[in-house]
Amino acid sequence: MTLYLRYVSMHFKSQMQYKVSFFFTAIGQFLVAFATYLSVRFLFDRFDSVGGFSYEEVLLCFAVIISAFSLGELYGRGFDRFPLLLGNGGFDRALVRPRNLVFQVMASQLEFSRIGRVVQAILIFIYVIPRSGIDWTWDKVLTLLLMVVCGSLLFFGLFVVYAAFAFFTVEGLEFMNILTDGAREHGRLPFSVYGEGVLKFLTFVVPIALVQYYPLLYIIGREESLFFALTPVLSLVFLLPCYAFFRFGLRQYKSTGS
Amino acid sequence: MRPFFALFRIRFANSLQYRVAAIAGLATQFAWGFMYILAFRAFYAENPAAFPMTMEQTISYIWLQQAFVALFFIWFWESSIIESVESGSIAYEMVRPIDLYGKWVVTAAATRISRCILRATPILAIALILPVQFRLSADMGPAAAGLFLVSVTLSLGVVLAFSMLVYMSAFYTINSMGVRIMVAVGADFLAGGYIPIPFFPEILRRIVEHSPFGAMQNMPLLIFSGYLRGADLARGMSLQIFWLVALVLMGRAIMTRALRRVVTQGG
């Protein structure tokens with residue numbers, strides 16, 4: 001852990017060397033999320049609700065998903081950039097070091113400019129939490145935190161899967177975007193809005209709905225059972241196959257030799 | 001003109017090499033298309049009267065947007081151009097007896113068109129035979145089809161001319177990544193890349209329709225879906241021509257000035 005913190009401070013310092021560049025990239029990230037927010041805003045100028053959810057409830061959902069994604073990307077960036085690490089032989093160096101591989105890949109990159117999106121999420125939380133008409137008892141606050149934390153771990157798991165694919169192919173990894181970027185963009189609406197099929201897929205195959213739709217039902221008081229509050233924890237089971245897949249890919253790995 | 005054709009052929013053939021990436025991209029485009037349609041359908045179910053377009057028009061808009069994503073999104077910029085400015089290899093370009101603005105446009109156009117062809121053809125072909133609630137409807141006469149093609153060309157021109165301004169920002173700031181992201185996101189949003197322009201609030205819609213952003217993907221996509229007709233269509237296409245000319249003149253002027261004062265670091 002101490003070692004990881006040292007890596008964190010190292011990356012932080014090195015990215016702070018280019019303050020203007022960092023600042024602009026963070027603003028860029030903010031704007032990317034802001035454009036998505038505006039499209040929700042514009043749609044709700046015309047419509048009062050969608051699939052039975054009000055504007056405030058949708059915003060809550062949106063803020064959870066972008067903060068989860070951005071945090072996951074902040075510390076999972078090493079896996080997002082993994083094909084590069086394989087290509088330039090950096091991974092071979094990691095293999096000979098006596099440390100956990102996942103740790104090393106994680107520590108190889110940290111992307112602090114993703115803070116821009118987190119800021120956007122925080123602003124939305126500040127706007128929506130008092131207006132949502134939700135009685136914020138401690139269990140609901142905790143559920144919200146679980147959504148963000150488990151959500152970011154879930155996205156981290158998806159980045160690991162993405163990285164594992166790079167063991168087999170260097171090209172055509174774009175389809176993983178459907179799950180990562182796709183979940184971020186389309187997760188602005190509760191997944192039930194997209195219909196039964198999508199919801200089932202995102203519950204049982206790639207359990208992103210477990211950190212978004214189900215706990216949201218608990219927070220807005222539509223479900224009373226604590227089970228719904230704890231679904232984000234359940235989603236963490238997904239990390240096991242992600243890790244297994246990465247190990248599987250690792251066994252196939254042959255260095256490029258450079 | 002000959003060197004431009006040759007350049008176009010080289011870039012075109014080069015981009016066609018990435019076929020696996022294009023197929024993987026197809027899956028992405030389909031998933032995104034379906035998700036957008038499902039979301040709009042949910043809004044439509046809420047209150048059909050508040051929907052500015054018909055559902056069929058919206059579906060056509062979404063599929064065409066997915067098919068032409070590489071052609072119209074500012075986001076798909078030509079990184080080799082920016083690299084040439086940032087690395088200083090632009091110095092080689094400047095001693096060549098070829099108009100640099102033209103060269104950049106041709107390079108960017110070739111990449112966009114080849115990427116688009118690889119994606120658009122299968123997407124459109126499949127979208128035409130999907131189950132009816134997702135199907136792309138393409139019932140337009142030869143006149144509308146002709147106007148659509150002209151408008152596609154004009155849009156591509158406006159997008160390219162606008163991108164040139166973005167590329168040229170690399171002359172003035174060394175690390176312009178953040179600026180480029182900002183401009184690209186803003187432009188793509190205003191061009192109707194996130195939600196179609198008819199869904200914008202009334203005042204903003206009016207403003208955007210007269211801006212260069214309204215002359216981008218908005219026009220051909222709305223013509224194809226049958227939303228734009230008659231006088232609106234004629235006005236929109238004149239604006240496309242106006243913005244194309246204006247942006248090219250502006251770009252050329254800036255380029256001449258930038259090249260006069262450009263300093264390449266040796267080495």
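Hydrogens, waters and symmetry mates play no part in the numbers below; they use all other heavy atoms, side chains included. Everything quoted here is computed from the prediction, not taken from an experiment. First the proteins, then the strands, lettered A, B, ... as listed; each starts at 1.
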- Would a 4.5 Å heavy-atom cut-off, applied to side chains only, mark B:F34 and A:Y194 as touching? no
- In Å and rounded to the nearest 0.5 Å, what is the CG to CE distance from A:L189 to B:M35? 8.5 Å
- Message: Which atoms of B:I37 are under 4.5 Å from chain A, going by heavy atoms: the side chain, the backbone, both sets, or neither?
- Response: neither
- Query: Roughly how far apart are B:Q29 CD and A:I178 CD1, rounded to 0.5 Å?
  - Reply: 9.5 Å
- Query: With a 4.5 Å heavy-atom cut-off, do B:I181 and A:L31 have their side chains touching?
  - Reply: no
- Message: If you count heavy atoms of other groups shown closer than 6.0 angstrom to CD of A:E196, is the number above 12?
- Response: no
- Query: Measuring heavy-atom distances to chain A, does B:A39 have an atom under 4.5 Å in its side chain, in its backbone, in both, or in neither?
  - Reply: both
- Step by step, would you call A:F42 with B:I195 a side chain to side chain contact (heavy atoms under 4.5 Å, CB included)? CA-CA 9 Å; A:F42 287 175; B:I195 50 172; 3.6 Å; yes
- Item | Region of A:V50 that comes under 4.5 Å of a non-hydrogen atom in chain B | both
- Task: With a 4.5 angstrom heavy-atom cut-off, could you sort out which part of A:D48 is near chain B: side chain, backbone, both or neither?
- Result: neither
- Item | Portion of A:L179 that has a non-hydrogen atom of chain B nearer than 4.5 angstrom | neither
- Query: Where on A:S113 is there a heavy atom nearer than 4.5 Å to chain B: the side chain, the backbone, both, or neither?
  - Reply: neither
- For chain B, find which of A:A26, A:G52, A:S39 contributes the most heavy-atom pairs closer than 4.5 angstrom. A:S39
- Can the ring centres of A:F44 and B:F43 be said to be less than 6.0 Å apart? yes
- Task: For A:R46 and B:F200, indicate whether the former's side chain and the latter's backbone hold a donor-acceptor pair under 3.5 Å.
- Result: yes
- Query: Are more than 12 heavy atoms from other residues, nucleotides or ligands located less than 6.0 Å from atom CZ of A:R222?
  - Reply: yes
- Nearest 0.5 Å, what's the CZ-OH distance between B:F189 and A:Y37? 10.5 Å
- Query: By a 4.5 Å heavy-atom criterion (distance strictly below it), what part of B:F51 contacts chain A: side chain, backbone, both, or neither?
  - Reply: both
- Message: I'd like to check A:H186 versus B:W32 (side-chain heavy atoms, cut-off strictly below 4.5 Å). Are they in contact?
- Response: yes
- Query: Are the side chains of A:L43 and B:F40 in touch, meaning some heavy atoms are under 4.5 Å apart?
  - Reply: yes
